Novice: 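Encoded as structure tokens, here's the structure I'll be asking about.
All ligand and atom numbering here is 1-based and tracks the order in the structure. Keep in mind that what you see is a predicted model, and the values were worked out from it rather than measured.
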Amino acid sequence: MNELPSNIENSNFIRDIIGNDLRDGLCEKVVTRFPPEPNGYLHIGHAKSIYLNFGVAQDFSGRCHLRFDDTNPTREEQEYIDAIKTDIQWLGLDWGDHLYYASDYFEQLYDWAVHLIQIGKAYVDDLTADEIRDYRGTLTEPGRNSPHRDRPAKESLSLFSRMRKGDFPNGQRVVRAKIDMASGNINLRDPIMYRIIHSTHPRTANNWCIYPTYDFAHGQSDSIEHVSHSICTLEFEDHRPLYDWFIENLPVPSRPHQYEFARLNLSYTILSKRALTQLVRENHVSGWNDPRMPTLSGMRRRGFPSEAIREFVKRIGVAKNNSVVDTAILEHCVRDFLNQHAERRMAVLRPLKVIIENYPDGKTENLDAPNNPAKEEVGTRKLPFSREIYIEQDDFMEEPPKKFFRLAPEREVRLRYGYLITCTDVKKDPNGEIIELRAQYDPATKGGNAPDGRKVKGTLHWVSAPHAIDAEVHLFEHLFTDSEPRSDGDLLKGINPSSLEILRDCKLEPSLGNLDKGQTVQFERKGYFCTDTDSTSDRMLFNRTIGLRDSWSKAQSGKTG
Ligand code: ATP
Ligand code: MG
């Protein structure tokens with residue numbers, strides 16, 4: 001197992017609870033679990049839960065299980081099971097032998113439902129879904145008992161067994177716990193334990209046509225696995241009395257406890273599988289791993305290192321009240337990691353050709369360029385230089401304003417790791433668009449320094465034209481214009497129509513042709529980039545992981561000083 005650094009999570013209230021339980025002898029072995037429903041890909045909110053569960057287990061010498069909560073076959077697929085495993089491994093975590101599925105426990109759960117019916121604490125109800133809702137009452141009004149609530153246990157048992165056999169269509173009957181229709185907690189008003197779903201399950205195929213609800217499956221699955229601390233998000237706080245009720249009323253092998261923490265919300269995006277599913281299904285993005293998605297697979301494709309995600313989760317901590325975390329903090333963690341680890345390369349995203357008229361035609365010089373100027377140990381690479389190069393269009397202005405220090409007519413600039421050049425002429429097409437520049441270089445300035453010490457303010461990145469690799473580059477903005485997009489019916493209103501910008505005519509230095517898949521590099525002055533999963537040697541495609549400017553640390557330094 002890949003060891004997490006100790007205290008990956010700063011101390012938090014969950015850690016305190018576990019520490020106290022161990023000290024007080026209430027728990028011998030810390031066992032946690034991460035319980036995803038395989039109905040979508042994992043997002044960064046799940047990473048918070050994953051690091052919390054695996055982190056506390058490791059810190060207290062316990063273990064963390066991966067359990068698929070596969071109780072609704074209409075929404076669940078093997079593709080999601082596989083993707084979830086891949087993502088957790090990418091985060092650097094390992095469940096070892098402890099991979100489980102709620103569906104492993106279907107037979108046991110069925111027996112426990114039978115047990116509750118036998119002791120008069122559950123019954124089969126014939127009301128329709130609408131009627132059940134109607135009978136349930138509201139926050140201010142108590143519910144009413146179903147007319148079937150007091151049917152004999154024998155009758156319920158016979159109906160339940162027929163439900164299992166497939167005698168009834170979807171929705172015709174359910175099994176409900178008999179608790180209290182007047183309870184102030186609506187979750188205790190005879191909650192549903194089993195429903196009929198005629199659908200093929202990814203693991204149990206057509207063995208079952210009745211499935212336990214989350215509430216009936218979760219705590220009992222925890223108990224079967226001897227989970228000591230069942231950590232979930234705040235929306236389950238009101239379910240805890242029900243969780244406890246099942247555990248108290250069933251002959252379960254252990255007594256787990258549920259604890260809740262605040263889910264992660266992130267500005268300018270949405271962390272709800274239902275909403276993300278909608279974005280995918282309706283083609284607002286190219287798939288679950290679209291680089292704009294807040295999914296782990298999207299972030300990986302975009303070039304976010306898992307180390308940065310871990311650092312982010314550590315920084316935001318674990319609390320008991322909901323809040324929205326600024327996406328700039330995540331971006332800061334990504335930038336911070338890449339600034340230290342990414343090698344530097346040259347790429348021109350919007351090319352403008354410059355012909356250096358006094359440089360010999362056909363000559364190539366291989367200049368030495370450091371892979372990271374701040375880290376000598378990562379070495380240098382050869383960068384070809386020739387008579388024709390590309391620079392960025394916006395690094396040239398024909399009539400520059402005062403503070404523009406880049407290239408302009410008659411002005412001298414430094415080509416990074418190359419020579420000083422002076423612009424001598426501007427070529428335009430019939431529409432007046434600039435199509436090419438002419439320049440002269442100073443042969444005495446190899447490496448970019450003038451021997452006479454004359455001042456040259458601007459330094460430009462560049463790529464030798466005959467050696468350049470063509471590439472397409474994708475730039476991303478937030479997926480939503482709204483900082484707190486709504487996950488309800490108005491989801492689509494907040495979508496940013498220009499979250500993807502495609503640049504088709506980019507020019508890269510030749511060494512970028514051999515970049516490893518998944519390696520993120522800095523394109524000097526332009527940000528961090530990595531090859532896309534769809535990139536091929538015939539059609540190179542890069543994603544911009546993140547730009548260089550750091551709005552978060554800027555805002556922070558603005559605050560303090
Ligand atoms: P969603 O609301 O996105 O559909 P979910 O809770 O239905 O998520 P599950 O697969 O059931 O998704 O989640 C697995 C675990 O991850 C649960 O324990 C859940 O509490 C936790 N989790 C889900 N979303 C977040 C989040 N935004 N922040 C922290 N933990 C989360
Ligand atoms: Mg859930």
Side-chain angles (χ1 to χ4, degrees), residues 9 12 14 32-57 64-72 74-77 79-85 87-88 91 93 95 100-102 202 213-215 217-219 221-222 225 227 229-240 243 256-281 288 293-299 309-310 312-325 327 329-330 484-488 491:
E9 306 289 345
N12 60 57
I14 298 237
T32 57
R33 85 286 169 265
F34 174 66
E37 182 179 359
N39 62 347
Y41 282 56
L42 297 182
H43 52 61
I44 183 141
H46 293 117
K48 175 175 177 177
S49 174
I50 291 169
Y51 279 129
L52 175 61
N53 277 294
F54 279 88
V56 294
C64 180
H65 298 180
L66 170 59
R67 183 200 315 140
F68 286 99
D69 181 22
D70 54 349
T71 51
N72 185 351
T74 59
R75 299 187 303 207
E76 296 159 5
E77 288 171 32
E79 176 196 344
Y80 299 137
I81 294 178
D82 297 338
I84 288 169
K85 288 185 188 168
D87 285 346
I88 297 174
L91 291 179
L93 298 165
W95 51 87
Y100 304 103
Y101 296 83
T213 54
Y214 170 90
D215 283 321
H218 205 86
S221 302
D222 284 342
E225 293 173 20
V227 165
H229 295 80
S230 182
I231 305 167
C232 62
T233 36
L234 280 180
E235 66 271 25
F236 292 103
E237 197 166 12
D238 290 344
H239 293 241
R240 183 164 13 106
Y243 183 105
H257 289 273
Q258 176 182 305
Y259 303 89
E260 307 87 16
F261 70 101
R263 59 191 293 120
L264 170 65
N265 300 299
L266 203 55
S267 64
Y268 296 103
T269 191
I270 196 131
L271 300 181
S272 143
K273 267 191 281 182
R274 197 189 43 73
L276 296 177
T277 304
Q278 186 184 351
L279 295 178
V280 172
R281 293 243 163 96
W288 283 98
M293 288 281 269
T295 52
L296 297 177
S297 51
M299 291 181 176
I309 292 173
R310 180 181 287 188
F312 167 71
V313 166
K314 186 173 159 185
R315 268 180 195 227
I316 58 174
V318 179
K320 202 142 181 149
N321 51 319
N322 280 312
S323 64
V324 179
V325 173
T327 291
I329 301 177
L330 172 62
E484 291 182 40
R486 315 243 331 224
S487 62
D488 58 15
L491 174 72

Novice: Look at atom 5 (P) of ligand 1 and find which of His43, Arg67, Arg33, Lys273 reaches it with the closest heavy atom.
Specialist: Lys273
Novice: Report yes or no: does Leu271 have a heavy atom closer than 4.0 Å to ligand 1?
Specialist: yes
Novice: As an exercise, identify every atom of ligand 1 less than 4.0 angstrom from a heavy atom of Phe34.
Specialist: 14 (C), 15 (C), 16 (O)
Novice: Report yes if some heavy atom in the side chain of Tyr243 is under 4.5 Å from a heavy atom in the side chain of Asp222; otherwise report no.
Specialist: yes
Novice: Could you tell me whether the side chain of Tyr259 reaches within less than 4.5 Å of the side chain of Ser230, counting heavy atoms only?
Specialist: no
Novice: Using distance alone, decide if ligand 1 has a nitrogen or oxygen within less than 3.5 Å of any nitrogen or oxygen in Arg263.
Specialist: yes
Novice: Is there a side-chain contact between Met293 and Tyr41 in this structure, where contact means two heavy atoms from C-beta onward sitting under 4.5 Å apart?
Specialist: no
Novice: Checking Asn322 side chain against Ala262 main chain: does a donor-acceptor pair fall under 3.5 Å?
Specialist: no
Novice: Do Thr32 and Leu52 touch side chain to side chain, with heavy atoms closer than 4.5 Å?
Specialist: no
Novice: Using a 4.0 Å cut-off to any heavy atom of Pro35, which atoms of ligand 1 qualify?
Specialist: 14 (C), 18 (O)
Novice: Going by distance only, is there an N or O of Glu37 that falls short of 3.5 Å from an N or O of ligand 1?
Specialist: yes
Novice: Once rounded to the nearest 0.5 Å, what's the spacing between atom CD1 of Ile316 and atom NZ of Lys48?
Specialist: 5.0 Å
Novice: Compare Glu260, His46, His218 and give the one whose heavy atom is closest to atom 8 (O) of ligand 1.
Specialist: His46
Novice: Backbone or side chain, does any N or O of Leu264 fall under 3.5 Å from an N or O of ligand 1?
Specialist: yes
Novice: Need the ligand 1 atom indices (1-based, order shown) with element for anything under 4.0 Å from a heavy-atom of Ser49.
Specialist: 16 (O), 21 (C), 30 (N)
Novice: Can you tell me if Arg33 uses its side chain to pair, donor with acceptor, with the backbone of Ile231 under 3.5 Å?
Specialist: yes
Novice: Using modelled atom types only, decide if a donor and an acceptor are shared between the side chain of Thr327 and the backbone of Ser267 within a distance under 3.5 Å.
Specialist: yes
Novice: Is the closest N or O pair between Asn39 and ligand 1 shorter than 3.5 Å?
Specialist: no
Novice: Do Ile231 and ligand 1 have an N or O pair less than 3.5 Å apart?
Specialist: no
Novice: Examine Glu235 against ligand 1 and note whether any of their N/O atoms are separated by less than 3.5 Å.
Specialist: no
Novice: Any N/O of Thr233 closer than 3.5 Å to an N/O of ligand 1?
Specialist: yes
Novice: Using only heavy-atom distances, determine whether the side chains of Tyr80 and Glu37 contain a donor-acceptor pair under 3.5 Å.
Specialist: no
